[in-house]
Amino acid sequence: MISRREAKVIFFSCSFILVVLTAVCMFFLTRIWERKVEIENEIFTESSRELQNPNRGFYKLYSFQITDEKQDYTRTVPALYQQDTATKLTLVQICLKAYRQGAITEEGLANIEALFDVLGALDKQLIVRFTYDIDGQNEKYEPESLDIILTHMEQLAYIFREYSEKIFSLQGLFIGNWGEMNGTRYSSDEDLRKLAGKLVRVTEESTFLAVRSPAQWRSIMHSDNASGNLLKSRLGFFNDGMLGNKSDYGTYKIEENTDEGMPFPRLEREEELKFQNELCRDVPNGGEVIHDNIYNDLDNAIKDLEVMHVTYLNRAYDQAVLEKWSKSVIKEDGCFNGMDGLTYIERRLGYRLAIVDAGLRYQSREDTLTAEVTLKNMGFAPLYKKAKIQIILYDEKNDQTFVYPIDQGLHTLIGGNEKEDTLLLSVDIPFQDIPEKEYRVYFSIVDSDTGEHILLANEENEEAYGYRIGRFSWR
């Protein structure tokens with residue numbers, strides 16, 4: 001038992017501690033109650049302006065034949081691209097027919113590396129297609145052994161990894177006329193799986209791959225092995241017969257050719273469009289439109305481009321279709337009304353993110369500032385590459401910034417036929433983290449590969465730290 005004296009000491013000690021704690025709590029509560037926070041929020045308006053963002057839009061195609069003869073790419077490549085200032089993507093077609101009978105020589109590999117070194121300095125992301133044919137005569141040039149193609153993929157592994165931040169997608173599996181996976185002796189399910197399995201292993205996880213048709217995708221992915229698991233989040237499409245006719249020139253089921261007996265047949269157009277609508281939420285789709293017909297009349301084209309979630313198209317082909325779009329006029333509510341169809345499609349290729357609403361709120365109970373931004377995606381497709389999303393507080397007087405990452409992703413903003421969906425992003429900023437000052441508050445999205453700021457489809461201009469969503473001061 002404790003003595004009466006000890007009990008008194010304990011009582012007075014506890015009372016003293018309680019008084020001190022109460023005083024401290026009252027001090028901080030008083031500070032919060034007395035805190036004066038002034039907030040101004042910006043209002044945002046959607047814009048139809050051009051946005052040259054990475055990994056989306058029109059592209060132009062450039063072909064290079066690799067031989068042992070040393071090339072001065074530092075001179076020739078900039079000359080080729082001198083006038084190509086309106087695109088952020090380029091399709092680079094690299095022909096390896098000089099090595100159809102064996103491994104790529106040291107001289108050939110040196111030329112490929114030199115080419116990528118110069119391409120890497122361009123202000124463009126790369127769509128890369130390796131092929132043995134650029135004349136539509138693949139049977140003459142394709143290696144007679146699949147092992148040779150697999151060896152070439154292995155030899156190029158260090159190129160794919162060294163320049164992975166510049167490569168958006170690798171089209172095809174090195175086979176077929178123009179590298180388009182038709183007219184090849186290696187079209188069996190087993191061969192396609194071997195080629196895709198090798199390519200996914202010699203490339204970085206951030207690099208997308210693409211095959212020519214949904215049926216080929218199903219053929220490759222119908223596998224329980226490790227390659228199928230690796231490919232699941234990386235394998236998309238490229239369609240160079242896009243909107244060409246009901247079957248997209250054989251991409252989908254042809255009525256007179258039902259693919260009977262094939263384990264992974266082509267499906268009817270509507271089924272394949274539904275298939276792409278689901279798959280291309282996660283992997284990109286692109287190509288070129290061909291043959292002026294009803295399927296690429298503007299209204300029909302827009303509908304299918306939305307469903308297929310198309311990210312990129314060839315700016316040079318098919319000119320008849322592109323000219324038809326340019327002579328058509330958009331008639332819809334909103335900022336695009338009255339725009340010509342070609343410009344409209346360019347604006348919507350890939351992702352097109354816009355701030356719908358933004359604001360700052362003081363949460364007195366938590367003593368935090370909540371910054372919120374609501375986005376929508378008016379593009380045909382999602383933003384597939386990882387991005388860094390931030391709220392930045394800027395104290396202009398002291399030239400000081402405080403950066404708050406937003407851990408949420410943008411993967412739910414699918415775009416296309418879900419263009420009206422919105423996503424709320426938010427972060428809570430404790431006042432104890434920041435001095436008593438006046439701050440401008442900015443929102444920014446930065447592409448992880450290029451470091452470029454993602455431009456947003458709003459009338460408000462981006463500033464040095466992003467898009468200003470408001471200002472606040474406190475004391």
Side-chain angles (χ1 to χ4, degrees), residues 44-62 77-78 80-92 118-128 163 165-169 206 208 284-289 305 309-317 322 325-326 330 335-336 339-355 375-390 410 413 415-416 419 442-468:
F44 287 86
T45 306
E46 189 178 341
S47 169
S48 64
R49 66 169 62 180
E50 179 183 10
L51 304 174
Q52 285 205 359
N53 280 322
N55 300 318
R56 59 148 303 274
F58 282 117
Y59 69 84
K60 290 187 178 179
L61 183 153
Y62 299 86
V77 171
L80 282 173
Y81 282 90
Q82 188 174 8
Q83 303 301 320
D84 187 2
T85 58
T87 65
K88 294 290 285 185
L89 280 171
T90 180
L91 196 158
V92 182
V118 177
L119 291 170
L122 298 175
D123 184 27
K124 297 185 187 296
Q125 295 300 102
L126 310 179
I127 304 167
V128 181
Y163 296 94
E165 291 185 352
K166 294 292 292 187
I167 301 173
F168 177 53
S169 180
S206 61
F208 289 107
N285 192 359
E288 59 187 32
V289 293
L305 293 173
H309 300 299
V310 172
T311 287
Y312 58 88
L313 287 176
N314 189 342
R315 182 60 182 83
Y317 200 79
L322 302 180
W325 290 349
S326 70
I330 296 296
C335 62
F336 294 115
M339 178 179 284
D340 72 89
L342 181 63
T343 302
Y344 175 86
I345 286 174
E346 186 282 327
R347 298 292 195 265
R348 294 192 62 196
L349 284 172
Y351 58 92
R352 185 180 180 86
L353 305 177
I355 297 176
L375 295 177
K376 70 175 180 178
N377 180 8
M378 283 296 293
F380 293 140
L383 172 60
Y384 294 107
K385 288 284 191 173
K386 291 181 180 179
K388 182 168 60 176
I389 310 170
Q390 297 176 327
L410 301 173
L413 284 175
K419 59 183 178 292
Y442 294 92
F443 171 76
S444 76
I445 306 175
V446 179
D447 177 67
S448 297
D449 283 348
T450 64
E452 292 184 39
H453 283 221
I454 301 296
L455 301 175
L456 303 180
N458 293 101
E459 292 290 349
E460 295 67 35
N461 293 321
E462 185 186 40
E463 300 178 20
Y465 295 103
Y467 290 87
R468 191 195 307 185

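Here the structure is a predicted model, which is why all the values come from computation and not from measurement. For this chain, numbers begin at 1 and follow the sequence in order.
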How close do [X] and [Y] get, heavy atom to heavy atom, and via which atoms?
X      : Y      : result
Leu349 : Gly57  : CD1-C, 3.6 Å
Met339 : Ser48  : CE-CB, 3.7 Å
Tyr312 : Leu89  : CB-CD1, 3.6 Å
Pro284 : Thr311 : CB-OG1, 4.3 Å
Leu455 : Asn53  : N-OD1, 2.8 Å

Can you name the residues that form a side chain to side chain donor-acceptor pair (under 3.5 Å) with [X], not counting sequence neighbours?
X      : answer
Thr343 : Asp340
Glu463 : Tyr442, Arg468
Thr90  : Tyr81
Asn285 : Gln276

Under the rule for salt bridge (charged side-chain N to carboxylate O under 4.0 Å, His left out), what residues qualify as partners of [X], not counting sequence neighbours?
X      : value
Asp123 : Lys88
Arg315 : none
Lys124 : Asp84
Lys419 : Glu306

Quick one: does any side-chain atom of [X] pair with a main-chain N or O of [Y] as donor and acceptor, under 3.5 Å?
X      : Y      : result
Arg348 : Met378 : yes
Tyr317 : Glu288 : no
Asn458 : Ile355 : yes
Glu46  : Ala457 : no
His453 : Val446 : no

Do [X] and [Y] come within less than 4.5 Å of each other through their side chains, counting heavy atoms only?
X      : Y      : result
Val118 : Pro78  : yes
Leu413 : Leu383 : no
Gln125 : Tyr59  : no
Ile454 : Pro54  : yes
Leu410 : Ile445 : yes

Return the [atom1] to [atom2] distance between [X] and [Y], rounded to the nearest 0.5 Å.
X      : Y      : atom1 : atom2 : value
Leu126 : Asn55  : CG    : CG    : 9.5 Å
Phe380 : His309 : CZ    : NE2   : 11.0 Å
Leu91  : Leu61  : CG    : CG    : 4.5 Å
Ile345 : Phe336 : CD1   : CZ    : 11.5 Å

Residue pair Leu322, Val289: steps toward the side-chain contact (heavy atoms from CB on, under 4.5 Å) verdict
CA-CA 8 Å; Leu322 302 180; Val289 293; 4.2 Å; yes
Salt bridge or not for Arg56 and Glu346, using N-O below 4.0 Å?
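Result for this pair is yes, salt bridge flagged.
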Set of side-chain contact (heavy atoms from CB on, under 4.5 Å) partners for [X], sequence neighbours left out:
X      : result
Ala316 : Asn314, Gln319
Asp449 : Glu165, Lys385, Asp447
Lys386 : Ser448

Can you sort out the partners of Phe443 under ring-ring contact (aromatic ring centres under 6.0 Å, His included), two or more places apart, ordered by chain and number?
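Phe443 satisfies ring-ring contact (aromatic ring centres under 6.0 Å, His included) with no other residue.
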Asn461 vs Arg49, side-chain contact (heavy atoms from CB on, under 4.5 Å): CA-CA, chis, key distance, verdict
CA-CA 11 Å; Asn461 293 321; Arg49 66 169 62 180; 3.0 Å; yes
